[in-house]
Every structure is written in structure tokens, then in C-alpha cells.
Amino acid sequence: GFDVAYDDGGTYLRSLEDESLGGLVMIQVIEHLSAQDAMDVVALAARKVRRGGRVIIETVNPQSLYVFARSFYLDPTHLRPVHPAYVGFLFREAGFAEIEIDWRNPPRRQEALEELDGDDDTTRRMNANIANLNTLLFAPQDYAVIATR
């Protein structure tokens, strides 16, 4: 029962009436686009999605070093990881009213570094360093920017 179109995303969006969409979802797409194409698609979304509509862009999280060792480079068509602050910036510049980030797919807890037992100064400092490393190494693998027009 869905109306499905197979086309280049930018070409298809340009063919639509302005403010004709209630929403737009791009899952694991933006990392395949050039910087210019990413700017263009967000600008198009701002024109094609009606007020109150939402755009969701999900991609791999470049703030998680885990994704570089496990998944990002498995797909040779990935051009570059895209930082969530940059995607948020694109939406703000395009005039979206609200922007939120949803962190997704954390690595399994068993993969993280374990903290040490003990309560002395050295152990507390080591555990703080382990926590910092876990944040860097094992952050969520994906994020979605949810922007409301």
C-alpha cells in the first residue's frame, strides 16, 4: 500500500512540491554523500518538509572509535564519517526549529574495559582513566539527528 519511487534522492526531492512531505528519513545515507551533497539534501528537506514535519538522518558515530575497527570500513562506498555537531549545524542553518540527537546501538558491555576493585587514590585515578577510555572507545555506534521543521 505504500507509494514507492526508485530514484536518486536529490533528483526525487527536487521533483516534489515544496512543503509536501510530512517527514523524511535517511538511514545510513549521509556518510555516502559528498559534503556539498549533504548540504544540498538538508536544504532540500527544509523546502520539501512542511512545518512541524520531521527529518531523521541516522549514521555511524565518528565519536566511537569502536565503529572504525568494527564496521565503518566494511563498506567501501562510505566516503567519510559525519560528526553529529556538523549535521546539527546543517539543520540549524537550514532553519529547522528543533534538533535533537538520539544515540543508538551501544557496543556490548562485555567489550568495554573493566574497572578495578579498590578505593585508594591510585585505583580511583585508574578507574577514571578507564571510564574516559570506555567513553572514547565504546560510545554508541550510531546516532540519529531528529530535526523538526
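Note that this is a predicted model, so its numbers are computed, not measured.
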Is there a path of hydrophobic side-chain contacts, each under 4.5 Å between heavy atoms of I, L, V, M, F, W or Y residues, that connects Val87 with Leu24?
-> yes
Pairwise side-chain hydrogen bond (donor to acceptor under 3.5 Å, both in side chains) hits with a residue in residues 9-26, at least two apart | Asp8-Thr11, Asp18-Lys48
Given Asp142 and Gln28, is the side-chain contact (heavy atoms from CB on, under 4.5 Å) satisfied, shown in steps?
-> CA-CA 9 Å; Asp142 302 300; Gln28 301 293 320; 3.3 Å; yes
Whether Thr123 side chain and Asp119 backbone form a donor-acceptor pair below 3.5 Å = no
In Å, rounded to the nearest 0.5 Å, how long is the span from CD of Glu115 to CG of Asn129?
-> 10.5 Å
Distance (rounded to the nearest 0.5 Å) between Thr122 OG1 and Asn127 CG = 11.0 Å
Side-chain heavy-atom pair Arg47, Leu13 within 4.5 angstrom cut-off = no
Parallel, tilted or perpendicular: which describes the rings of Phe96 and Phe91, with under 30° parallel and over 60° perpendicular?
-> perpendicular
Rest of the hydrophobic cluster containing Val25 (Ile/Leu/Val/Met/Phe/Trp/Tyr, side-chain heavy atoms under 4.5 Å)?
-> Ile27, Ile56, Ile146
If you look at every heavy atom in Arg70 and Leu74, which pair is closest and at what distance?
-> O-CD1, 3.2 Å
Transitively linked via ILVMFWY side-chain contacts under 4.5 Å: Leu116 with Leu137?
-> yes
Does His78 use its side chain to pair, donor to acceptor, with the backbone of Glu31 at less than 3.5 Å?
-> no
Residue pair Met26 / Val41: nearest heavy atoms and the distance that separates them | SD-CG2, 3.8 Å
Given side-chain contact (heavy atoms from CB on, under 4.5 Å), test Asn61 with Gln141 step by step and report yes or no.
-> CA-CA 5 Å; Asn61 179 12; Gln141 297 174 74; 5.9 Å; no
Taking all non-hydrogen atoms of both residues into account, name the closest pair between Ile130 and Glu114 and its distance.
-> CD1-O, 3.4 Å
Atom of Pro140, atom of Ser64 and distance for their closest heavy-atom approach = O-CB, 3.4 Å
Give a yes or no on whether Val29 and Tyr86 share a hydrophobic cluster (residues Ile, Leu, Val, Met, Phe, Trp, Tyr; joining criterion: side-chain heavy atoms under 4.5 Å apart).
-> yes
Rounded distance (nearest 0.5 Å) linking atom OG1 of Thr59 with atom CZ of Arg80 = 9.0 Å
Give a yes or no on whether Leu79 and Phe68 share a hydrophobic cluster (residues Ile, Leu, Val, Met, Phe, Trp, Tyr; joining criterion: side-chain heavy atoms under 4.5 Å apart).
-> no
Is the shortest heavy-atom distance from the side chain of Val82 to the side chain of Ile57 under 4.5 Å?
-> no
If every non-hydrogen atom of Gly52 is compared with every non-hydrogen atom of Thr148, which pair is closest and at what distance?
-> O-CG2, 3.9 Å
Just checking, any donor-acceptor pair under 3.5 angstrom between side chains of Glu111 and Tyr66?
-> yes
Side chains of Val145 and Leu90: does their closest heavy-atom pair fall under 4.5 Å?
-> no
In terms of hydrophobic clustering (I, L, V, M, F, W, Y; side-chain heavy atoms under 4.5 Å; direct or indirect links), are Val67 and Trp103 co-clustered?
-> no
Contacts of Arg104 meeting side-chain hydrogen bond (donor to acceptor under 3.5 Å, both in side chains) (sequence neighbours excluded), chain-then-number -> Glu58, Asp102
Heavy-atom side-chain proximity of Phe72 to Pro62 below 4.5 angstrom | no
So, for Phe138 and Pro107, which heavy atoms are closest and what is the spacing to 0.1 Å?
-> O-CD, 3.3 Å
